[in-house]
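In what follows, a structure is listed as structure tokens, so that the remarks can point back to it.
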Number of protein chains: 2
Amino acid sequence: MNPMPSKQPDLTRQKLLEAAFAEIHRQGFQSASLTQILADTGLTKGALYHHFPDKKALGLAVVEEVIRPMLAAMMFEPLRETRRPIAAMQSLLKAKAAETDPWVVTLGCPLNNLMQEMSPIDETFRRVLNQLFKEWVEVVKHGIVRGQASGEVRKNIDAAETAFFIVSALEGCIGMSKNTQSMEAYRGCLKQLSRFLETLKEKK
Amino acid sequence: MNPMPSKQPDLTRQKLLEAAFAEIHRQGFQSASLTQILADTGLTKGALYHHFPDKKALGLAVVEEVIRPMLAAMMFEPLRETRRPIAAMQSLLKAKAAETDPWVVTLGCPLNNLMQEMSPIDETFRRVLNQLFKEWVEVVKHGIVRGQASGEVRKNIDAAETAFFIVSALEGCIGMSKNTQSMEAYRGCLKQLSRFLETLKEKK
DNA sequence: CTTGACACATACCAACCGGTATGTATGATG
DNA sequence: CATCATACATACCGGTTGGTATGTGTCAAG
């Protein structure tokens, strides 16, 4: 009846995923230590290898079940149905710039970190990460297209190319700011990206 | 007199640096294997630890003595004395887009790779990498300032912020294209960056 | 001719890695 | 009550890691 706190497999799996996410976010996938993850969770290898066949599967699960929902909530949802994507994205950037948590500036975007590390050396990772990345670009692209329909966005721009660039530039800003470890540089970079977005608007 | 081919210490050191650069570029610093580097050079640990005190020193030397000159030749020099930086950068981007070597698209920018991996977890690396990055931004910034003086560039833009953004966006383009492994996406992204540069020009 | 610093090569080490084999408590099922 | 799969824990393994200690050949100086 009263289920023991330590015998809920779904909860255990979730704890492993979250600890793995944190460790991977800090150290990267290859340098992430399973021992460390287990130390963080208080679990053992028995639990880990019961829920995941190997380290790689754990990493891929982190992408699908931790990073994807996170990204969807933060970046996809706000753009999903907007008819004024430029305005939506600018308020999104403003929100990011207003964050006081140095999380992003110190550790960077989890998706980008993994892409940079794993895409060149592991095809499975590359496919999964690229799929997620492409979804992101697609969301932005559809936003732009809707913006073009509603008259907010100029019609002589390539929606796909522009969307790819916007996401790339944002990841670039985050990455460089991570190196600088300066919230101020981060905000300035986002401001310039916002300036670029402004140039996409239809002139009235 | 005739110096033996294998007893020129400077040459040995250089071989180690280049092999280390290649290995680090592929695998990242943490996952770079000293054994692999030695196998690539045909040398042994005796040679390595004669020239470098430890792995970290080797990595930092790679940054200073391989990546820095490479970056300086490719990105700094073309902008050093130009009075029309926008034009110079656009021809630079054009040259990058025209490259058929998939080197950049498959492995990415060595500087950015190291920054993403090492900056959050090692302060020494972060300082060295950030120094190099800041020099890059500075070169672009000075170019913009000179462009403002010569009338090519609008005067109501923040040179420092803009320079930071340009470098960030470029690194972002490279990074995302590395993930996509598509030369076409890479070229499209550079084209959008070029479009941004165009908006910096003084209206005639 | 000897000495000694330099430029490596060889052999070895403890620590850690991901992964496996086995043991065990629990809870549902027949 | 017996059975059996689930959900872990424990103990262990071979391989690899960065790093070290020692050996050796060369060459220049004294």
Side-chain angles (χ1 to χ4, degrees), chain A residues 1-24 26-63 65 114 117-118 121-122 124-125, chain B residues 1-24 26-63 65 114 117-118 121-122 124-125:
Chain A
M1 29 192 72
N2 198 3
M4 281 194 59
S6 206
K7 266 296 169 61
Q8 288 168 295
D10 297 2
L11 196 143
T12 299
R13 185 187 149 93
Q14 198 59 30
K15 276 169 65 177
L16 284 169
L17 281 174
E18 286 172 17
F21 166 76
E23 171 75 359
I24 291 174
R26 285 189 300 255
Q27 305 285 340
F29 175 75
Q30 299 183 91
S31 300
S33 161
L34 298 183
T35 307
Q36 185 58 49
I37 294 173
L38 296 173
D40 291 347
T41 55
L43 295 166
T44 63
K45 292 205 169 173
L48 207 174
Y49 281 91
H50 174 73
H51 287 283
F52 304 96
D54 53 22
K55 186 188 182 184
K56 185 171 169 177
L58 174 64
L60 293 172
V62 164
V63 175
E65 303 179 40
L114 273 177
E117 179 190 5
M118 298 306 295
I121 57 177
D122 188 291
T124 309
F125 261 102
Chain B
M1 28 191 73
N2 198 5
M4 282 194 56
S6 205
K7 266 299 170 58
Q8 289 167 295
D10 295 2
L11 195 143
T12 298
R13 185 186 149 91
Q14 198 59 31
K15 276 170 61 178
L16 284 169
L17 281 174
E18 286 172 16
F21 167 75
E23 170 76 358
I24 291 173
R26 285 190 300 256
Q27 305 285 340
F29 174 75
Q30 298 182 90
S31 299
S33 161
L34 298 182
T35 308
Q36 184 59 48
I37 294 173
L38 295 173
D40 292 344
T41 55
L43 295 166
T44 63
K45 293 206 167 170
L48 207 174
Y49 281 91
H50 175 71
H51 287 283
F52 304 96
D54 52 23
K55 188 188 181 184
K56 185 171 169 178
L58 175 63
L60 293 172
V62 164
V63 175
E65 303 179 40
L114 274 177
E117 180 190 5
M118 299 305 295
I121 57 178
D122 187 292
T124 310
F125 261 101

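To find a chain, count down the sequence lines: A is the first, B the second, and so on, and within it residues start at 1.
Rounded to whole Å, atom P of dG19(C) lies 17 Å from atom NE2 of H51(A). Following rounding to the nearest Å, L48(A) (CG) and dG19(C) (P) show an atom-to-atom distance of 10 Å. Counting to the nearest Å, the C1' atom of dC16(C) and the CD atom of E23(A) are 13 Å from each other. Remark: C1' of dC6(C) and CG of D10(B) are 13 Å apart, rounded to the nearest angstrom. Between Q8(A) atom CD and dT6(D) atom C1' the separation is 14 Å, expressed in whole Å. The CG atom of L38(B) sits 12 Å away from the C1' atom of dG19(D) (whole-angstrom rounding). In this structure, CD1 of I37(A) is placed 13 Å from C1' of dC17(C), rounded to the nearest angstrom.
Closest non-hydrogen pair, Q27(B) versus Q30(A), comes out as O-NE2, 3.4 Å. The minimum heavy-atom distance between L16(B) and A47(B), with the atom names listed, is CD1-O, 4.1 Å. Taking all atoms of both residues into account, the shortest heavy-atom contact from I37(B) to A20(B) is CD1-CA, 3.6 Å. Summarising the geometry of A61(B) relative to F52(B), their closest heavy-atom pair is CB-CE2, 3.7 Å, with the distance given to 0.1 Å.
Sequence neighbours left out, the pairs with a member in residues 33-62 of chain A that pass salt bridge (charged side-chain N to carboxylate O under 4.0 Å, His left out) are R26(A)-D40(A), K56(A)-D122(A).
Judged by distance alone, with hydrogens and angles left aside, the side-chain atoms of E23(A) form a donor-acceptor pair with the main-chain N or O of S33(A) at under 3.5 Å.
End-to-end axis angle for the helix from dC1(C)-dG30(D) to dG30(C)-dC1(D), using five pairs per end and rounding to 10°, comes out at 20°.
Considering only residues two or more places apart in sequence or on other chains, Q14(B) meets the side-chain hydrogen bond (donor to acceptor under 3.5 Å, both in side chains) condition with none of them. Applying the side-chain hydrogen bond (donor to acceptor under 3.5 Å, both in side chains) test to E18(A) and every residue at least two apart in sequence or in another chain returns nothing. Shown here are the ring-ring contact (aromatic ring centres under 6.0 Å, His included) partners of F125(B), two or more places apart in sequence or in another chain: F29(B).
Side-chain proximity of L43(A) to dA7(D), dA9(D), dG18(C): nearest is dA9(D). Nearest nucleotide to the H50(A) side chain, out of dA7(D), dC8(C), dG19(C): dA7(D). Taking every side-chain heavy atom of Y49(B) into account, dG18(D) is the closest of dG18(D), dG19(C), dA9(C).
When each of F29(A) and G46(A) is assigned the nucleotide of DNA chain C bearing its nearest heavy atom, the one mapping closer to the 5' terminus is F29(A).
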Filtered N/O pairs between nucleotides 14-17 of chain D and protein, under 3.5 Å:
| unit_1 | atom_1 | unit_2 | atom_2 | d |
| --- | --- | --- | --- | --- |
| dT17(D) | OP1 | S33(B) | OG | 3.1 |

